[in-house]
Amino acid sequence: MKKQIWALLVQSLTALQSKKIIPVYDTSCIKIETSRGSEHGDFASNIAMLLARIVKSNPRDMAQNIIDHLPESEILERVDIAGPGFINFYLKPNVHQSIIHEILTSDHQYGDSKIGANTPTLIEFVSANPTGPLHIGHGRGAAYGAAVANLLKKTGFDVSCEYYINDAGRQMDILAVSVWLRYLQHCGVDISFPDNAYQGDYIIDIAVKLHADHAEKFILSSDNIIVLLAEEDAELRLDQLIRYCIDSLGEMNYRTIFDAGQHSILIRIKEDLRDFGVEFDNWFSERSLINSDAINKHITKLFGHSLIYEKAGAQWFKSSKLGDEKDRVLIRENGQATYFASDIAYHLSKVERGYEKIINIWGADHHGYIARVKAAMQAFEWPLEKLEILLVQFATLYRGKEKLQMSTRSGEFISLKELQDEVGKDAARFFYIMRKSEQHLDFDLALAKSQSNANPVYYIQYAHARICSVFRQIPAKNFEYHQAEALSNSANLTEPHEIKLLATLARYPDVIENAAIHYEPHQLAYYLKHLAHDFHTYYNAKQFLVEDKTIRNARLTLIEATQHVIQDGLRLLGVSSPEIM
RNA sequence: GCGCCUGUAGCUCAAUUGGAUAGAGCACUGGCCUUCUAAGCCAGGGGUUAGAGGUUCGAGUCCUCUCAGGCGCGCCA
């Protein structure tokens, strides 16, 4: 519909251009907006005000000029000038109704678009370190990433979802040593557990299983360990314990403990995500980059490059030359690559795998990291415009008034699973999506629980269930409904409630496209709330199952179309559409 | 100290990405079930968009400064 209005405007402007009333103007700049309120018609354009500025004339005169040159149209009732120079378009009442036919005959493709042009797209999200279960902070990234992925698929992008597993590095070693110490305790070795090792009870579960699988294979006498535990520098203490564990048990045994921890946690992460309705196409291991020597391969390419230099035995990347605030180490003094180095290799792999659009969804605490990744992309002469880094603000956890620092290490967090068990998948997914991603999120589980019944998701689902219920009752009332027949000779739906609902349904493709290109799934959530409201209002105002067959059929096609759109919209947000509530 | 994000109704958040009279839900007040599901509908009160300047036909949105909150500034990941 919007496109038809747009075409009319283009014709008018072309005519004005040929008459030299206005200069040649890029027609793609013409913006048509869906009017906020019906008092401003169905659609509006601000083009007259923009053009008036260019030719320095009165906006309302310009608007009149444009209207005078509009071609005849079947769909327009009238066109007005309003306010400072808006052009408002009013559609003929029966025009709205064609949207039903479009929705019901498109086989659930309504709202699809091709703007993505099958662009190979990689969305990387969640990517939490496998050092503990996912918590409610990760849940936000999961819900957001999955919704963005669905929206991009809907708009024609060829999307793959990927989880980057940070299975290398110090955090993982701390996890391994945490498991080992719990294992020793479980075996009766009398040692204390460091307060900066991983505190969560899940570590004990892993240790118990490690003992079940390997008996007492990893036991060492407590004497040396007690000495190491006495170290005052907490971080040094952990590093020394890691070193000691590797040296005394041997690489092989250490790796067994390490893998026991990682695998068990990763399995749980995968389960939690699946239960949350979030699926990944690929799980990409950081260690696979190290094992395949990909990092060295790429980094050595940079050696000799003017942006690489050596200082204090380490290899540095001159990222400060490319917009970063300081230079960064790639290869440490001890010869090991930094996390940044593996991340460069990882991003290069994304490009090598042929992705034209690379989307990273990161927690906002990583924002300081953006500049150096972009600097690296420039150094490698990768196309910077392919990379899109979306930040999701952190969830702050509250227990009543008290603010808690959510941390996997301290075991101070509410797990995603816990949230899901308390409020259910649908309410949890919607709770996250309702908020714009850059909005800070205060999370109080007690509040989330108490408000779960007030969650707007039920309002939307209820509309869907009501529609299903209406259709269930058709046979009992001795009515019949044949969609094709109903569509072919439908009465006019001209009641105000019906026109409003039709107009809202017509907006769906626009909402999808906007939500997709701006990566803002919350727009869809708010739209669905609005759609449900229009339906509930209609439901209370009019009876659908009435004696008059033509009216009955027309109304049934309308609510069936509504049902389709609600289903599709909720699906994109990862929420179910129950038939009974 | 520097950088990024945020500040909108009592609370939680929107606002078509610079548009017209800033809107929803919760909470509060009143009304609507002998009619397709009352997890619903209708009506009402509630605002100096943190503050001060600026840009223009037009600013919650853009720029500058101030205030307040969050996060980040490792040879951690």
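Computed from a predicted structure; not experimentally measured. Side-chain atoms are counted along with the backbone in the values below, which use heavy atoms only and exclude waters and symmetry mates. Letters go in sequence order (proteins before strands), and every chain restarts at 1.
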Using a cut-off of 4.0 Å on non-hydrogen atoms, how would the nucleic acid contact of [X] be classed: base, sugar-phosphate, or nothing?
X	answer
Y459(A)	sugar-phosphate
P59(A)	nothing
Y369(A)	base
A371(A)	nothing
H536(A)	sugar-phosphate
K2(A)	nothing
E286(A)	sugar-phosphate
E579(A)	base
A541(A)	nothing
E333(A)	base

Hey, what's the ring geometry for Y526(A) with H522(A), parallel, tilted or perpendicular (30° and 60° as the breaks)? perpendicular
I'd like to know whether Y346(A) forms a ring-ring contact (aromatic ring centres under 6.0 Å, His included) with F284(A), so could you lay out the CA-CA distance, the side-chain angles of the two residues, the decisive distance to 0.1 Å, and finally the verdict. CA-CA 9 Å; Y346(A) 175 46; F284(A) 195 104; 4.8 Å; yes
Treating [X] as the side-chain partner and [Y] as the backbone partner, does any N or O pair qualify as donor plus acceptor under 3.5 Å?
X	Y	value
R332(A)	A337(A)	yes
D42(A)	Y90(A)	no
D167(A)	S285(A)	no

Ring centroid separation Y144(A) to Y432(A) under 6.0 Å: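 Between Y144(A) and Y432(A), the centre distance exceeds or equals 6.0 Å.
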Can you check whether H536(A) and H533(A) have ring centres sitting under 6.0 Å from each other?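 So the answer is no for these two rings.
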Shortest non-hydrogen contact from V423(A) to Y458(A)? O-OH, 3.8 Å
If you measure from the [atom1] atom in [N] to the same atom in [M], how many Å do you get, rounded?
N	M	atom1	answer
rA77(B)	rA52(B)	C1'	43 Å
rG46(B)	rA9(B)	C1'	6 Å
rG1(B)	rU66(B)	P	11 Å
rU6(B)	rC62(B)	P	8 Å
rA43(B)	rC5(B)	C1'	40 Å
rC42(B)	rU49(B)	P	28 Å
rA20(B)	rA27(B)	C1'	31 Å
rU8(B)	rG70(B)	P	15 Å

Measure from NZ or CZ of R552(A) to the centre of the six-membered ring of F479(A) and say whether it is under 6.0 Å with the direction within 45° of the ring axis.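 Checked: cation-pi criterion met.
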Quick one: is the NZ or CZ of R409(A) closer than 6.0 Å to the six-membered ring centre of F413(A), and within 45° of its axis?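 Not satisfied by the 6.0 Å and 45° rule.
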Is there a stack between F86(A) and rA20(B), judged by ring centres under 5.5 Å and planes under 30°?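 Stack criterion met.
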Can you tell me how far P of rG74(B) sits from CG of L236(A), to the nearest Å? 20 Å
Without decimals, in angstroms, what is the distance between D327(A) CG and rG74(B) C1'?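 In whole Å, rG74(B) C1' lies 14 Å from D327(A) CG.
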Report, one pair per line, the protein and nucleotides 1-7 of chain B atoms (nitrogen or oxygen only) whose separation is under 3.5 Å.
unit_1, atom_1, unit_2, atom_2, d
rG3(B), N2, H367(A), NE2, 2.3
rC5(B), O2', Q393(A), NE2, 3.0
rC5(B), O2', E438(A), O, 3.3
rC5(B), O2, H440(A), NE2, 3.1

What about D365(A), does its side chain sit under 3.5 Å from the base of rA77(B) through a donor-acceptor pair?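 For D365(A), whose side chain was compared with the base of rA77(B), there is no donor-acceptor pair (under 3.5 Å).
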Watson-Crick/G-U partner (both atom distances under 3.5 Å) of rC26(B): rG10(B)
Any N/O pairs under 3.5 Å between the protein and nucleotides 42-44 of chain B? List them or say none.
unit_1, atom_1, unit_2, atom_2, d
rC42(B), OP1, T537(A), OG1, 3.2

Any N/O pairs under 3.5 Å between the protein and nucleotides 59-61 of chain B? List them or say none.
none

